[in-house]
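Ligands are counted one by one from 1 in listed order, and the atoms in each one are counted from 1 as well. Owing to the predicted nature of the structure, the values given are computational and were not obtained by experimental measurement.
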Amino acid sequence: MQDTLNAILAKAQPELAALKTRADFEAAKARYVGPHGEFTALMKQMGTVPKDQRPAMGKLVNEAKAQLSAQLDATLERIAAAEIAAQLGPAVDPTLPSPDVGPGTTHPLTLVREEMCRILRKAGFTVADGPEVETEYYCFDALNTPPDHPARAEQDTFYFPETARFANVAKKIPGEKYLLRTHTSSVQIRTMLKGEPPIRIVSPGRVYRRDTSDATHSANFHQLECLYVDKNVTVRDLKALLDYIFASLLGKDTKTRFRPHYFGYTEPSFEVDLSAKHLPKVKKEWIEIGGCGMVDPSVFEAVGYDANVWSGYAFGMGLERLAMLVYGIDDIRYFYQNDVRFLKQFA
Ligand code: DAH
């Protein structure tokens, strides 16, 4: 019996080492340890071994079995690794310089975002950040946008199922609905809850809306939000700041115009139009660039500020639209396709 054991082990080793595919492996495994396998047959013979030899024989069989199963495991591991390697293709060294594109270029949205932040920094604004996974509270409730407001409709945005878990949310707030933020205005609330006035922040970031994609719409785009809270802030201050930033970004021939509008979080509220006829893509007299207004007292109330003492303005605008104006880009989809022929133009 011992000779048979050794013979099986000696045969198995080279045979397993030569296997290339999972199917061959399964077949070989069955030949040794399957119900009709050689090794299985040997184990069945244990009953015929004389009683006094059984303990010693049993030990040998167990050792051989362990050896065989280690060989089988190693073989399967080797085949699985080869399968993955075949899927991955030849090894790539990501630290080598690219043979065709050279050093990367800064994305036009990044260029415009950085330029806007630079301009606003000069006016005393600091950059604030907020999460893209938000709760209804920050995105709507605290911004005086009640539950029956159309902006909250399921079809306007992306809600998460109740079972969703998020890496950046350690403990979900019970009963709160989580969604992808529809605007960067949520950062206004987060900032005000964290500190006391005066506040002067700019918050650029990614936002999400259910929208079919076309030349001017994308379900995922970028905004730039500003909030200023202090004593005696007026609409004049708001208009002056907008005039200043657009003149800085687009040239001093740029004009801005306010049209009355409604936002829950500002009163009065306006839409902002730009006129910059020197720009390649501004064929129309005026084009809409964002929304703004004076912070609504109910928003101050939500964050615990005394609305009789503090006043402020806020505005939000689309970064894509700004970049389209600055660079004369006529289709928003260029921003997301990562076509090097497009990106290289911003070197
Ligand atoms: N959140 C608005 C939007 O996404 C833009 C906006 C309007 C932001 C008025 C503001 C504001 O801060 O005061 O359309």
Quick check for students: name every N or O atom pair between ligand 1 and the protein closer than 3.5 Å, with distances.
residue	atom	partner	partner atom	Å
ligand 1	1 (N)	His183	ND1	2.9
ligand 1	1 (N)	Ser185	OG	3.0
ligand 1	1 (N)	Tyr265	OH	2.8
ligand 1	4 (O)	Arg209	NH2	2.7
ligand 1	4 (O)	Gln223	NE2	2.9
ligand 1	12 (O)	Gln188	NE2	3.0
ligand 1	12 (O)	Glu225	OE2	2.6
ligand 1	12 (O)	Phe315	N	3.4
ligand 1	13 (O)	Ala314	O	3.1

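Proximity of a side-chain donor or acceptor of Thr184 to a complementary backbone N or O of Pro204 within less than 3.5 Å is not detected.
Residues meeting the side-chain hydrogen bond (donor to acceptor under 3.5 Å, both in side chains) test with Arg152, sequence neighbours left out: Glu136, Asp141. When the side-chain hydrogen bond (donor to acceptor under 3.5 Å, both in side chains) test is applied to Tyr334, no partner is found at least two apart in sequence or on another chain. Applying the ring pair (Phe, Tyr, Trp, His ring centres under 6.0 Å) criterion to Tyr32, with sequence neighbours excluded, gives no partner residue.
Heavy atoms from other residues, nucleotides or ligands lying under 6.0 Å from CD of Gln337 number more than 12.
A cation-pi arrangement is absent between Arg181 and Tyr138 under the rule of less than 6.0 angstrom and at most 45 degrees off the ring axis.
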